[in-house]
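What follows is a single structure, written as structure tokens, with notes after it.
Predicted model, so just to flag it, every value in this text is computed and none were measured. In what follows, chains carry the letters A, B, and so on, assigned in the order in which the sequence lines appear, proteins first and then strands, with residues in each chain numbered from 1.
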Amino acid sequence: MSELLNFNYPPEPAVDRVTLFADVILPLPLPKLYTYRIPFEMNDEVLVGARVIVQFGAKRVLSCIVADIHENAPADYQAKYILDVLDDKPIVTAPQLKLFRWIADYYMCTIGEVINAALPSALKLSSESRIQLHPHFNPEEDDIPLASQEVKIIYALQQNPALTFTEVGNLLQLKSYHKYIKSLIQKEAIIIFEQVSDRFSPKVVKKIRLTEHFVQEEGMLEELFNQLATKPKQLDILLNYLQKVPVHQNIHLNSAGIEKSVLANNPHLSKSSIDSLIKKGVFEQFDQIISRFPVDNTVSLQPMKLSEHQEQAKDEILGLFKEKDTVLLHGVTGSGKTEVYIDLIKHALEAGGQVLYLLPEIALTAQIVTRLIKVFGDKLGIYHSKFSDNERAEVWQGVLSGRFQMVVGVRSAVFLPFHNLSLVIVDEEHEPSYKQYEPAPRYNARETALMMAHLQGAKTLLGSATPSIETYYNCKTDRWGLVNMHKRFGEAQMPTIELINVREEQQRKNMHNHFSGKLVTAIEERLARNEQVILFQNRRGYAPFISCDECSWIPKCQHCAVSLSYHKYNNELRCHYCGYHERMPHDCPACGATTLRSMGFGTEKVEDDLKLMLPNAEVQRMDLDTTKKKNSYQQIIADFESGKTNVLIGTQMVTKGLDFENVSLVGILNADSIIHFPDFRAHERAYQLFVQVSGRAGRKGKPGTVLIQTRDPLQPIFRKVHSNDYTSLYEHEIEERMRFGYPPFARMIRITVKHPDEKISENAAIVLAKDLTDQLGTQLVLGPEVPYIFKIRNLFLNEIHVKLPRENVNLRAAKQAISKVIQQLYLLPDFKGIRVVADVDPA
DNA sequence: AGCACGCCGACT
DNA sequence: GTCGGCGTGCTC
């Protein structure tokens with residue numbers, strides 16, 4: 001049409017072919033973006049947020065994300081061409097790119113590191129990408145002129161199904177083999193083998209449904225019955241279909257159809273009859289991409305009934321959302337926060353927005369997932385670190401396509417490509433595991449979620465029974481809304497908490513290893529009543545260290561400044577920091593005595609001792625060592641839930657998200673190790689941990705009991721836990737924080753200097769601290785100091801803490817100053833090989 | 001992060 | 001005499 005109209009006009013001048021450039025984010029820890037030239041023919045294909053393939057350096061071929069497209073030719077270098085475009089739609093959304101920039105900025109890392117952490121590796125690809133012959137290319141017939149190097153490649157591809165780039169380089173004995181690959185791609189003789197299409201393949205099921213013809217018009221079904229009257233087998237199939245998909249009740253059910261295998265696997269029906277019905281045009285066959293996640297089809301559509309308190313909390317939250325973007329739901333364990341979340345999520349989904357529901361890793365259990373699937377069915381995406389890469393890529397694509405309207409996920413789910421977010425829920429908001437330690441980006445998913453919500457105009461609901469001091473402060477100062485739920489759901493009552501003075505019990509000779517007589521009796525009582533027990537010991541392994549009775553020798557890690565923990569199940573000594581392990585020696589390597597004794601105790605010893613004391617009890621242990629295997633976690637939970645296990649012993653893992661009706665006793669074996677922690681958050685943490693563990697005791701009318709073993713029962717923290725007095729904890733903590741200038745009154749940045757030489761590490765830290773002081777002032781820079789664990793993986797550590805008061809400090813400028821000082825430190829010849837890591841808002 | 005270029009020890 | 005150690009510096 002336009003050609004006809006243009007008939008009389010001169011052809012458009014060729015100059016109109018604009019030369020475009022793309023700034024790309026490489027998945028590498030590089031501070032800058034790199035500019036590539038877009039080949040004319042790709043002008044329309046290259047999109048911001050899509051992946052492209054570029055050559056970076058002499059050899060490497062990488063996929064990267066387009067951050068910007070422009071016409072500014074770089075002045076001081078020749079831009080290389082983009083080699084290929086991988087996506088016809090962006091896989092990173094605009095608000096995501098903004099978020100990623102914020103993360104890089106705030107957490108002092110590069111945007112490449114953010115991208116690298118964000119993309120599931122099925123969506124990344126590197127030099128390992130391969131080439132194969134173009135499916136339509138026939139080297140015998142196609143008469144394409146090929147250079148001799150190109151012939152070599154084609155020949156090799158006829159012998160091998162695919163070649164990596166490196167293999168091509170070796171084949172040609174050339175460094176710059178890439179132009180040949182490029183040329184062959186242009187000649188459509190080969191294609192680049194995307195790992196995306198290679199590694200990420202959606203799961204598909206074959207389904208059938210009635211053709212539209214039979215459902216659209218009234219009476220067509222009757223006619224169909226008449227038609228098939230003489231074909232009993234086919235009629236059977238039709239009846240069977242209508243029984244499973246009651247189209248006559250609701251014609252819309254037909255579009256979802258039914259899995260072909262359901263009918264085909266029925267012994268009374270024959271597959272060939274189904275096929276003839278398809279041929280006849282009665283049924284049509286179609287593929288449906290299905291989730292790799294088990295979907296419970298018994299989606300309960302009936303609205304779940306909220307209790308009066310839940311209903312009230314929900315209304316308050318919605319009311320506060322009218323004026324505030326962030327609300328904290330402060331609800332005791334067992335108050336039924338989850339139902340409130342589910343209700344709010346429903347509202348948000350009905351309004352057409354996307355929802356992200358964040359949980360700490362140990363709280364994202366099968367229990368909660370099953371519950372959500374029951375309500376949200378296949379709208380729900382699940383993002384868990386234990387999932388395979390394909391599964392993660394599937395969630396990513398599903399969020400992009402709109403298949404998953406909501407996602408429940410762990411920390412890294414904040415990277416998903418939401419573009420229309422309306423609600424974010426951060427459950428267990430206080431959890432330190434929302435903060436990533438290593439490697440960069442050292443982000444906090446709670447803060448990141450808040451920023452993401454802000455960028456997309458979404459509301460954020462934080463939930464906790466024991467809010468972080470920072471969060472509560474924001475509520476108290478009215479920046480955020482606060483909603484309380486202080487009653488347990490149903491008739492459930494708060495557990496009774498009882499302290500056991502270990503010191504006294506020892507004097508009375510009432511301790512059996514690490515169990516007080518009271519605790520053992522209490523456990524026996526529950527077992528007799530067929531009730532269940534959870535025991536908490538915040539240390540895995542058998543013993544944190546062993547020692548020789550004769551010479552006091554203690555085995556230490558060769559690479560880290562820690563003693564080795566004894567793990568009995570594999571008779572190993574193991575370092576919990578670097579993974580180093582050795583066989584447990586039979587006798588002391590230092591003096592030869594056979595008197596090696598384990599000191600202290602971990603979950604494994606608790607398990608051992610308990611089994612000796614109560615041989616009839618079914619005891620299970622849940623910690624990092626017993627849950628490494630893929631389904632072992634699930635199994636332990638299932639066994640406990642079914643009542644097969646009576647006593648569950650575990651670390652932090654047992655404190656979260658596990659709700660078992662029948663648990664009437666929770667024992668904390670050594671409370672003191674939790675309180676005495678050299679950190680300004682120690683009390684907050686201890687309180688949170690005690691309250692969370694206690695929350696496992698008692699449900700549905702039966703008040704539970706919590707027994708806490710301690711050597712120091714007068715610790716004020718116990719009184720607060722006992723009376724469930726969060727407010728008094730908060731008042732106390734916030735005053736301390738104010739007095740010493742800790743968060744929320746200041747932001748902390750922990751700078752760690754690492755070097756294999758102890759002296760160099762120390763000196764570099766001293767110089768760095770001085771430079772920082774020069775830049776920021778004395779009051780803001782603390783240290784350097786040698787941390788308690790002063791060596792990890794053969795690197796000696798020194799720490800500097802920078803405190804940036806909330807008021808009167810330009811955070812951005814301060815961080816830039818810090819980065820600059822670090823960069824300059826790298827240049828000093830005395831400190832070659834030094835590593836400096838900045839951790840913003842360390843946990 | 002890789003990978004190349006570059007300058008000093010034990011090997012055919 | 002060369003292969004190879006990993007130190008430093010760059011990658012659009």
Side-chain angles (χ1 to χ4, degrees), chain A residues 19-40 42-43 46 48 50-86 100 103-104 107-121 123-130 164-170 172-179 181-182 195 436 438-442 754-757 760 764 793-795 819 822-838:
Chain A
T19 304
L20 295 177
F21 295 87
D23 296 342
V24 302
I25 308 167
L26 292 155
L28 301 172
L30 299 168
K32 295 187 304 175
L33 299 184
Y34 285 75
T35 306
Y36 285 83
R37 185 167 168 175
I38 303 176
F40 292 125
M42 293 184 197
N43 272 6
V46 177
V48 171
R51 290 168 305 161
V52 293
I53 296 180
V54 298
Q55 188 179 1
F56 185 64
K59 259 196 154 145
R60 286 207 290 171
V61 174
L62 299 166
S63 74
C64 51
I65 300 287
V66 177
D68 193 19
I69 297 172
H70 55 81
E71 292 181 34
N72 313 321
D76 43 358
Y77 56 86
Q78 188 69 42
K80 284 183 183 166
Y81 277 103
I82 282 177
L83 301 177
D84 208 348
V85 183
L86 290 184
F100 291 173
I103 295 173
Y107 292 106
M108 300 178 73
C109 65
T110 70
I111 193 159
E113 286 170 317
V114 181
I115 282 282
N116 202 19
L119 291 181
S121 38
L123 296 177
K124 292 180 227 168
L125 108 170
S126 61
S127 300
E128 280 315 294
S129 55
R130 295 145 182 254
T164 66
F165 282 80
T166 332
E167 284 166 346
V168 175
N170 293 340
L172 300 183
Q173 302 277 300
L174 269 176
K175 274 188 272 180
S176 59
Y177 56 85
H178 205 273
K179 54 185 170 190
I181 293 181
K182 210 175 91 187
Q195 285 190 10
Q436 171 150 314
E438 202 79 68
R442 297 177 173 77
K754 308 179 185 185
H755 196 275
D757 184 299
I760 294 178
R793 292 173 196 271
N794 289 321
L795 295 174
S819 300
I822 293 172
Q823 287 310 314
Q824 280 163 356
L825 191 76
Y826 281 136
L827 301 176
L828 297 179
D830 286 359
F831 305 140
K832 285 227 167 88
I834 208 129
R835 296 262 300 119
V836 182
V837 166

Relative to each other, are the rings of A/Tyr34 and A/Phe56 parallel, tilted or perpendicular (30° and 60° limits)? perpendicular
With heavy atoms under 4.0 Å as the rule, sort A/Tyr36 into base, sugar-phosphate or nothing. sugar-phosphate
Identify, with sequence neighbours excluded, every residue that meets side chain to side chain contact (heavy atoms under 4.5 Å, CB included) alongside A/Asn116. A/Pro27, A/Lys124
Give A/Leu26 one of three labels, base, sugar-phosphate or nothing, depending on what nucleic acid heavy atoms sit under 4.0 Å from its own. nothing
Residue set satisfying salt bridge (Lys or Arg N to Asp or Glu O under 4.0 Å) with A/Arg442, at least two apart, ordered chain then number -> A/Glu438
Contact interval (first through last nucleotide) of DNA chain C with protein chain A, 4.0 Å heavy-atom: C/dT8 to C/dC12
Show me, pair by pair, the donor-acceptor contacts under 3.5 angstrom made by side chains of residues 824-836 of chain A, not counting sequence neighbours?
residue	atom	partner	partner atom	Å
A/Tyr826	OH	A/Val836	N	3.2
A/Tyr826	OH	A/Val836	O	3.4

A/Thr110: partners by side chain to side chain contact (heavy atoms under 4.5 Å, CB included), with sequence neighbours left out: A/Pro29, A/Glu113
Please report, rounded to the nearest Å, how far the P atom of B/dA1 is from the CD atom of A/Glu113. 8 Å
By side chain to side chain contact (heavy atoms under 4.5 Å, CB included), which residues pair with A/Lys80, not counting sequence neighbours? A/Tyr36, A/Gln55
A/Lys32 near the nucleic acid: base, sugar-phosphate alone, or nothing, with a heavy-atom cut-off under 4.0 Å? base
A/Leu30 CG to B/dC3 P: how many Å, rounded? 14 Å
Length of the CD-P vector between A/Gln55 and B/dG2, whole Å: 16 Å
